[in-house]
Amino acid sequence: DSNSTSYCPFVEWSDEKFQWCIVQFRNLTNNGNGRFILDSEATETECSGEFYKDEKLKWPIPFSAGPTMFSYDLFSHEETLDLLEQTRDFCDNNEELHCWMEGIPYDYWTQYENVFDVLIELSIISVAVGFGVAFLFLLGKIASEKRHSFKKVLCGTFG
């Protein structure tokens with residue numbers, strides 16, 4: 001559907017097919033630049049310092065990094081936050097898949113996800129602290145004048 005704004009990056013393959021694919025990628029890309037965790041050491045060839053590519057792939061993979069994600073036609077803050085929320089459903093919010101989304105978009109835009117809640121919380125705290133400080137100043141001012149008893153000062157401060 002070309003109107004869809006979300007995309008699932010997962011492929012429905014069996015474990016055996018994934019393992020075969022990763023081993024082929026590792027063999028074609030010179031061990032994938034060390035991206036794969038292997039269960040055993042490779043067998044050394046007749047030449048010193050050279051090894052066969054016969055290590056066993058550790059499965060399931062305990063840690064992996066995915067490709068870079070690009071997005072187009074994001075013209076508002078809401079669209080960007082929707083993108084982050086939709087992509088997090090596949091990784092961060094998935095209890096079975098232990099992964100997280102990271103990068104500049106996630107590091108920068110996550111501060112806007114709950115900015116309204118933080119604003120409300122800080123406003124309430126500021127008003128409460130303002131009333132508390134005003135109460136203490138008023139109590140101190142009236143008490144320092146020594147014209148009234150402490151009971152009258154408290155009643156005047158609260159009332």
Side-chain angles (χ1 to χ4, degrees), residues 1-42 53 55-144 153-159:
D1 181 5
S2 63
N3 294 330
S4 177
T5 57
S6 67
Y7 169 72
C8 177
F10 299 107
V11 180
E12 298 293 331
W13 282 354
S14 67
D15 284 352
E16 293 79 24
K17 187 169 183 176
F18 263 124
Q19 291 175 20
W20 178 85
C21 184
I22 290 172
V23 168
Q24 295 305 314
F25 177 79
R26 181 192 67 181
N27 292 338
L28 293 172
T29 61
N30 193 20
N31 201 20
N33 292 326
R35 289 192 183 108
F36 304 110
I37 298 174
L38 306 171
D39 272 342
S40 61
E41 294 292 323
K53 295 180 183 179
E55 314 96 331
K56 298 295 181 205
L57 178 67
K58 188 171 188 178
W59 191 265
I61 299 174
F63 176 81
S64 65
T68 305
M69 179 184 73
F70 295 96
S71 58
Y72 300 97
D73 297 330
L74 297 176
F75 297 111
S76 71
H77 298 296
E78 290 80 19
E79 289 175 351
T80 303
L81 292 176
D82 287 344
L83 168 79
L84 297 181
E85 183 179 328
Q86 288 175 4
T87 54
R88 280 206 171 110
D89 284 341
F90 297 118
C91 194
D92 291 350
N93 301 338
N94 187 336
E95 294 295 325
E96 295 177 14
L97 188 64
H98 302 287
C99 66
W100 61 93
M101 303 299 278
E102 65 178 3
I104 292 172
Y106 293 94
D107 295 341
Y108 178 77
W109 284 97
T110 49
Q111 65 184 330
Y112 293 106
E113 287 180 337
N114 59 356
V115 71
F116 186 73
D117 297 334
V118 171
L119 177 66
I120 295 297
E121 181 181 345
L122 289 177
S123 298
I124 292 170
I125 291 171
S126 298
V127 168
V129 167
F131 275 110
V133 169
F135 169 77
L136 291 176
F137 277 129
L138 186 58
L139 180 66
K141 170 77 170 132
I142 295 174
S144 69
V153 170
L154 280 179
C155 290
T157 304
F158 285 116

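Keep in mind it's a predicted model, so treat the numbers as computed, not measured. Residue numbers run from 1 in the order of the sequence given.
Take D89 and apply the side chain to side chain donor-acceptor pair (under 3.5 Å) test, not counting sequence neighbours, and it matches N93. Applying the side chain to side chain contact (heavy atoms under 4.5 Å, CB included) criterion to S14, with sequence neighbours excluded, gives E16, K17. With sequence neighbours excluded, the residues forming a side chain to side chain contact (heavy atoms under 4.5 Å, CB included) with D15 are Q19, W59, listed by chain and number. For F75, there are no ring-ring contact (aromatic ring centres under 6.0 Å, His included) partners at least two apart in sequence or on another chain. Under the side chain to side chain donor-acceptor pair (under 3.5 Å) criterion, E113 pairs with R88, not counting sequence neighbours. By the side chain to side chain contact (heavy atoms under 4.5 Å, CB included) test, I125 pairs with E121, V129, sequence neighbours left out. Every side chain to side chain contact (heavy atoms under 4.5 Å, CB included) that I120 has, sequence neighbours left out, goes to F116, I124. With sequence neighbours left out, W20 forms a ring-ring contact (aromatic ring centres under 6.0 Å, His included) with no residue at all.
Here the options are V115, L119, N114, the test is side chain to side chain contact (heavy atoms under 4.5 Å, CB included), and the partner is D117; only N114 passes.
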Residues 130-139, side-chain donor-acceptor partners within the protein, below 3.5 Å, at least two apart:
none

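Side-chain atoms of Q111 come within 3.5 Å of backbone atoms of Y108 as a donor-acceptor pair (strictly under, hydrogens ignored).
Here the straight-line distance linking atom CD of E78 with atom CD of E85 works out to 12.5 Å at 0.5 Å rounding.
Sequence neighbours left out, the pairs with a member in residues 123-144 that pass salt bridge (Lys or Arg N to Asp or Glu O under 4.0 Å) are K141-E145.
Considering only heavy atoms from C-beta on, Y106 comes within 4.5 Å of T87 through its side chain.
Residues L84 and W109 come closest through the heavy atom pair CD1-CB, 3.3 Å.
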